[in-house]
Amino acid sequence: MNSTATNTTLHVVLGASGAVGSALMGELARQGLPARAVSRTRPTALPAGTDWLAADLSSAPSVERAVQGAGVVYLAAQPAYTRWALDFPPILDAVIGGVGRVGARLVFADNLYSYGPVTTPLREDSPERPQSRKGQVRLALARTLLDAHRAGVLPVTIGRASDFYGPGVHGSLVGAPFFRAIVAGKRPPWIERSDQLHSFSFIDDVARGLVTLAQHGPAFGEVWHLPAAEALTATGFAALIAQEAQTAPPRPRALSGLPLRALALFSPLIRELADVQYQVAAPFTVDGTRFTSTFGGQPTPHRSAIRQTLAWLRAGSLEPSPAEEVAGSPL
Ligand SMILES: NC(=O)c1ccc[n+]([C@@H]2O[C@H](COP(=O)([O-])OP(=O)(O)OC[C@H]3O[C@@H](n4cnc5c(N)ncnc54)[C@H](OP(=O)(O)O)[C@@H]3O)[C@@H](O)[C@H]2O)c1
């Protein structure tokens with residue numbers, strides 16, 4: 001493996017119509033790096049001159065076509081939130097096989113579910129003890145990827161982030177529905193406790209972090225926590241958004257206890273959220289210092305990131321997207 005990607009290396013983004021996929025396409029364009037977008041549906045916005053290819057990643061031949069010519073591949077695709085256990089493993093197998101065969105390196109956009117409940121800020125060496133079904137799936141994905149790296153099938157690096165917010169983010173606790181409620185002077189949706197410290201990851205920082213990992217040989221074979229600005233409570237985060245939106249500070253409308261369990265009986269999505277409620281019932285924060293001390297850079301301050309998110313909403317995303325209408329917000 002080359003230790004650095006050159007300016008002519010082709011970067012292929014799998015899941016380019018999603019939140020981190022779109023942000024990755026933007027970051028690659030900003031850095032002037034050749035990129036190809038891959039998803040089943042056409043991304044709503046692509047940087048000028050970008051190539052888009054339709055592919056279903058659960059099909060190995062489709063993946064192989066999609067990654068032809070790539071030097072770096074980002075796995076930023078995910079199946080529907082309620083179908084990870086069924087649909088993620090075949091996607092991962094097809095991606096490992098396809099990327100390995102073209103001799104590219106793989107960057108996986110991961111979350112923090114594999115650790116399970118914690119009492120201290122999450123570091124890369126925190127024990128992975130998932131107690132949720134979704135956490136077990138994520139641990140298995142990461143292990144499969146790192147095993148493939150160790151077996152020499154392909155170079156893999158994993159960048160983990162907390163809940164996303166920012167332009168293009170719909171499916172997240174603090175995605176567009178959370179912001180929209182505050183802009184409309186309403187209480188934003190939340191689950192469990194809104195008074196516990198939580199990390200919120202700005203989507204452009206996540207994309208920049210993943211591109212940084214792709215460009216550093218020593219990043220491979222390892223897990224990295226992508227830096228996020230200071231942890232806040234959901235109430236504190238909502239107040240900051242309200243200040244920037246010039247609306248009254250709202251108290252998040254937190255669903256918990258019996259109402260949460262009752263709704264979970266009827267809604268598969270709420271059931272999945274109840275499975276990982278430990279992340280919002282107690283402090284859940286990420287420590288990105290290993291990344292910043294190795295590669296430099298600092299996360300965007302929340303105020304600036306919130307301003308960019310509000311500008312995106314006002315430019316056309318104040319109404320739910322068709323995908324949100326279909327999938328429902330995470331709450
Ligand atoms: N959302 C968060 O707050 C958050 C936080 C930390 C980490 N993460 C992780 O980051 C990764 C990306 O998340 P995201 O929120 O950016 O995802 P997302 O917005 O839900 O987008 C998912 C992408 O995957 C594509 N996709 C799904 N199934 C596919 C298939 N069979 N073939 C081809 N493309 C497929 C979708 O496109 P089409 O439907 O057009 O194919 C879409 O582009 C995930 O692993 C996620 O768990 C998310």
Side-chain angles (χ1 to χ4, degrees), residues 12-26 37-46 52-63 65-67 73-95 98 106-115 122 134-135 137-139 141-142 145 158-178 198-207 209-210 223-226 228 269 272-273 276 279-280 284 286 288 321-324 326-331:
V12 172
V13 176
L14 306 177
S17 59
V20 74
S22 313
L24 273 167
M25 293 305 297
V38 176
S39 48
R40 289 168 305 184
T41 54
R42 194 183 182 87
T44 45
L46 275 178
W52 171 69
L53 202 141
D56 181 349
L57 302 176
S58 55
S59 145
S62 296
V63 173
R65 261 195 313 279
V67 300
V73 176
Y74 301 85
L75 177 52
Q78 64 170 349
Y81 198 65
T82 50
R83 294 190 55 87
W84 284 2
L86 278 175
D87 294 351
F88 234 137
I91 290 179
L92 199 72
D93 286 350
V95 169
L106 182 67
V107 181
F108 180 45
D110 200 5
N111 59 19
L112 301 166
Y113 286 24
S114 66
Y115 296 107
L122 286 161
K134 301 185 89 62
V137 172
R138 298 305 295 222
L139 180 59
L141 297 179
L145 283 166
I158 298 178
R160 290 184 173 155
S162 194
D163 299 278
F164 297 159
Y165 75 97
V169 179
H170 298 274
S172 160
L173 282 174
V174 283
F178 190 90
H198 197 87
S199 290
F200 301 106
S201 298
F202 181 47
I203 195 73
D204 288 358
D205 291 341
V206 175
L210 294 171
V223 168
W224 299 87
H225 286 180
L226 304 174
L269 191 61
E272 296 294 322
L273 284 168
V276 292
Q279 294 177 13
V280 274
F284 195 78
V286 65
S321 70
E324 269 175 62
V326 173
S329 85
L331 289 173

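Order of appearance sets the numbers: ligands from 1, and atoms from 1 within every ligand. Each residue takes its place number in the sequence, starting with 1. Hydrogens, waters and symmetry mates are skipped; everything else that's a heavy atom, side chains included, is used.
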(message) Whether K134 engages the ring of F88 as a cation-pi pair (distance to the six-membered ring centre under 6.0 angstrom, angle to the ring normal within 45°) should be assessed.
(response)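 Here K134 fails the 6.0 Å and 45° test against F88.
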Within reach of ligand 1, part of [X] (heavy-atom separation under 4.0 Å):
X	result
L112	neither
R138	side chain
S17	both
S162	backbone
P43	neither

(request) Would you mind checking which non-hydrogen protein atom is closest to atom 44 (C) of ligand 1, with the distance to 0.1 Å? (result)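 I find the closest protein heavy atom is Q78 OE1, 3.5 Å.
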(message) Suppose we measure from atom 2 (C) of ligand 1 to each protein heavy atom; which comes out shortest, and what is that distance?
(response)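 Nearest protein contact, heavy atoms only, for atom 2 (C) of ligand 1 is F164 CD1, 3.3 Å.
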(request) Mark up the atoms of ligand 1 that fall under 4.0 Å of a heavy atom belonging to S172, in ascending order. (result)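 Here the atoms of ligand 1 in question are 3 (O).
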(message) Show me which atoms of ligand 1 lie under 4.0 Å from any heavy atom of A55.
(response)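 So the answer, numbered in order with elements, is 32 (N), 33 (C).
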(message) One thing to verify: whether D110 and R160 come together as a salt bridge, which I'm taking to mean a side-chain N less than 4.0 angstrom from a carboxylate O.
(response)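 Salt bridge present between R160 and D110.
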(message) Regarding ligand 1, does D163 bring an N or O atom to under 3.5 Å of one of the ligand's N or O atoms?
(response)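 Between D163 and ligand 1 (N or O atoms, distance only) the closest approach is not under 3.5 Å.
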